[in-house]
Amino acid sequence: MSNLEVKFKDIKFKNPVIMASGTFGFGREYNEIYDIEKLGGISTKGLTINKKEGNDGIRIWETSSGIMNSVGLENPGIKGFIENDMKFLNDLDLVTIVNIGGATLQDYIDAVKLISKENVDIIELNISCPNVKAGGMAFGIEKESARKIVRIIRKTTSLPLVVKLSPNARNIVEIAKVCEEEGADGVSLVNTFKAMAIDINKRKNIFNNTYAGLSGPAIKPIALRMVHEVSKAVNIPIMAMGGITNYKDALEFIMAGATCIHVGTANFINPKIGLEIIKGIDEYMERENIKSLDEIRGII
Amino acid sequence: MAKIISNKYLGQDIHVMKIEGNFKGEMGQFYMVRSWDNYPVLSRPLSIHDIDDEGISFLYRVVGDGTKNFSKLEVNDEIKLEGPYGNGFPKVEGKVLLVGGGMGVAPLYLTAKRVSKLEDVEKLDVFMGFREKEMLKGEYEKYADNVHINVGGIITDDVDVDKYDYIFTCGPEIMMEKLVKMAKGKDTKVYVSIEKRMACGIGACLVCTCKTKDGNKKTCKDGPVFLGEDVFYE
Ligand SMILES: Cc1cc2nc3c(=O)[nH]c(=O)nc-3n(C[C@H](O)[C@H](O)[C@H](O)COP(=O)(O)OP(=O)(O)OC[C@H]3O[C@@H](n4cnc5c(N)ncnc54)[C@H](O)[C@@H]3O)c2cc1C
Ligand SMILES: Cc1cc2nc3c(=O)[nH]c(=O)nc-3n(C[C@H](O)[C@H](O)[C@H](O)COP(=O)(O)O)c2cc1C
Ligand code: FES
């Protein structure tokens, strides 16, 4: 067994493999299928200050090598999460990342305040959800709105803060730089790409919201390029994601500069994909005689 | 990985495939099925049609790429199954009717088999609606007291709700909703099996939400079977 440990600032992960927000719930369901303590960490379903019912209509649509989703941040609210799921996660030996969304700045502040009283390892500030009409992504498109929210949230919490970036940003590198300037401990990228589909027989949009978020293998090359560009521009660590389905994809992102990686859509291809990716990285390190992932991080 | 024992075409784009192994499952539960690696990305939810000593069967209609892939599988080809998932139909007593429309008949075979073995069931009827021609009658007759088939018409027109304590139904929502309305205010309880697009199949991703009187439910985990009167139909 190689040493897969990575450090994201001061936070130690036993391996760099994290399950992405929205694809893994709060871990309970997958924990019935395998021992999720073998993972490096998990990022929770995006939480908002109040419970949300999510979007109406079709929520998932397949496309060549990808999926589009329009869940619309359905979640039990921070309080519901704390009551029902916080303890479950705290009892597990893995890094708990709580993903926070919102429609208004005040939503974010209230949510972050509340969650900061809990035993959470990292807050992942989602300013990149394309599926809620009034917000979420709005903060992650323009540099100045991103600056405003990161500045305020930085003052609101002393927990490690990672900002989740949108590939739909006008300039994702600029947004990453702003996050660094405003004191974020790291950035995670990418969230889903704004996309759409049309039913030609009904002559109607598939999604009630018209647009939805594209994820999966289809986005990997673009996500990789974005991670590479961002890693050259900032000194804070990066959590990378976008279409990772095997250990090779994971290593590509690490070579492009990521400290850890998130796996989202691939959980739907194979519910135990996390374990396979960890095993693949381990065997690769063994084979290539790599002692620490630091040796290959950002080498491109 | 499991192996295909048989994969037969029955007509009307409908196939039945059997997979070798010791599979678990209750009536109305489903498996997430795939016979390919990464593309298409998602596995396909299929209801358990039957389980016996040799293996598990699925009855499916070819509608797109995924089911087309299934239809091409040959004996000894490999297939991946995750499951059984979902809640399934409840164990009941008295007089029971199963109503299937189109591919909705798929889960009703195992259901008929299991219901017929429940101790306090007095009567079991199966009503099925097909668009073009009658099929599978003899199979279901093995377990049902009476199998009625309607071709090209509206199956719910043939149902006398008052004759039954429980109705289990699977098929187009419009058909299931009709049955629920017919049973309104009566003692007959109607259970419906809801179909929604799914990704994880286990309750983690929230893409399969079914709106009910108790709020949002996960079709894959809290369902696919719901008490008919609780569901808001689309
Ligand atoms: C709980 C459950 C049990 C089911 N049991 C059966 C069964 O026993 N036999 C059978 O023939 N069919 C069944 N279905 C429907 C079956 O899952 C779809 O027909 C199948 O997924 C279509 O895949 P495709 O690639 O051929 O079609 P495509 O239209 O190309 O599929 C595209 C995407 O849409 C999804 N999709 C399309 N139609 C449906 C649908 N009706 N329900 C859910 N997802 C859909 C697919 O899974 C895929 O992700 C069931 C559905 C559910 C939810
Ligand atoms: C069904 C679904 C729900 C998601 N929900 C969230 C969410 O609540 N918050 C968030 O930050 N990202 C969410 N995402 C985005 C993923 O976390 C991830 O950034 C994206 O899917 C790209 O990675 P992937 O290609 O590996 O899936 C969701 C993705 C999917 C597919
Ligand atoms: S398919 Fe993921 S929650 Fe139902």
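Computation of the quantities below employed the complete heavy-atom set of this structure, encompassing side-chain atoms and omitting hydrogens, waters and symmetry-equivalent molecules. Chain letters run A, B, ... following the sequence lines, proteins first, then strands; residues in each count from 1. Note that the coordinates shown come from a computational prediction; the quantities given were computed from them, not determined experimentally.
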Query - salt_bridge(A/Glu74, B/Lys218) N-O dist < 4.0 Å - result: no
Query raised in the report: Which of these, A/Val71, A/Ile58, A/Thr23, A/Ile67, sits in a side-chain contact (heavy atoms from CB on, under 4.5 Å) with B/Val207?
Result: A/Val71
**Report entry** Separation between CG of B/Asp37 and CG of A/Asn270, rounded to the nearest 0.5 Å
**Finding:** 10.5 Å
**Report entry** B/Cys205 side chain near A/Phe268 side chain, heavy-atom distance below 4.5 Å
**Finding:** yes
**Report entry** Spacing of B/Asn216 atom CG and A/Lys52 atom NZ [to the nearest 0.5 Å]
**Finding:** 11.5 Å
Using residues 75-88 of chain B as the side-chain source, report each donor-acceptor pair under 3.5 Å to any protein atom, sequence neighbours left out, with the distance given to one decimal.
unit_1	atom_1	unit_2	atom_2	d
B/Asp77	OD2	B/Glu74	N	2.8
B/Asn87	OD1	B/Val225	N	3.1
B/Asn87	ND2	B/Asp222	O	2.8
B/Asn87	ND2	B/Val225	O	2.8

Query raised in the report: Does the side chain of A/Ile269 reach to within under 4.5 Å of the side chain of B/Arg34, using non-hydrogen atoms?
Result: yes
Query raised in the report: Can you find a heavy atom in the side chain of B/Lys221 that is under 4.5 Å from one in the side chain of A/Glu29?
Result: yes
Report task. Determine yes or no for a side-chain-to-main-chain donor-acceptor pair under 3.5 angstrom, with A/Arg59 supplying the side chain and B/Cys208 the backbone. Result -> no
Report task. With side-chain contact (heavy atoms from CB on, under 4.5 Å) as the test, would you mind laying out the steps for B/Thr209 and A/Glu53 before giving the verdict? Result -> CA-CA 9 Å; B/Thr209 296; A/Glu53 299 291 331; over 6 Å; no
Report task. Measure the spacing between CG of A/Asp56 and CZ of B/Phe232 and express it to the nearest 0.5 Å. Result -> 11.5 Å
Query raised in the report: Any chance CD1 of B/Ile174 has more than 12 other-residue heavy atoms, nucleotides or ligands included, within less than 6.0 Å?
Result: no
Query raised in the report: Which region of B/Lys196, side chain (C-beta onward) or backbone (N, CA, C, O), has a non-hydrogen atom less than 4.5 Å from a non-hydrogen atom of chain A, or is it both or neither?
Result: neither
Query - A/Asp35, CG: over 12 other non-hydrogen atoms inside 6.0 angstrom - result: yes
Query raised in the report: If you count the non-hydrogen atoms of other residues, nucleotides and ligands that lie under 6.0 Å from NZ in B/Lys68, is the total more than 12?
Result: no
**Report entry** Side-chain (A/Glu62) to main-chain (B/Leu42) donor-acceptor, under 3.5 angstrom
**Finding:** yes
**Report entry** Under 4.5 Å from any heavy atom of chain B - which part of A/Phe26
**Finding:** neither
**Report entry** Region of B/Asp65 in contact with chain A, defined by heavy-atom distances below 4.5 Å
**Finding:** neither
Query raised in the report: Looking only at heavy atoms, what is the nearest atom pair of A/Tyr30 and B/Ala204, with distance?
Result: CE1-CB, 3.5 Å
Query raised in the report: Does atom CD1 of B/Ile154 have more than 12 heavy-atom neighbours, drawn from other residues, nucleotides or ligands, at distances under 6.0 Å?
Result: no
Query - Side-chain heavy atoms of A/Pro217 within contact of B/Val41, under 4.5 Å - result: yes
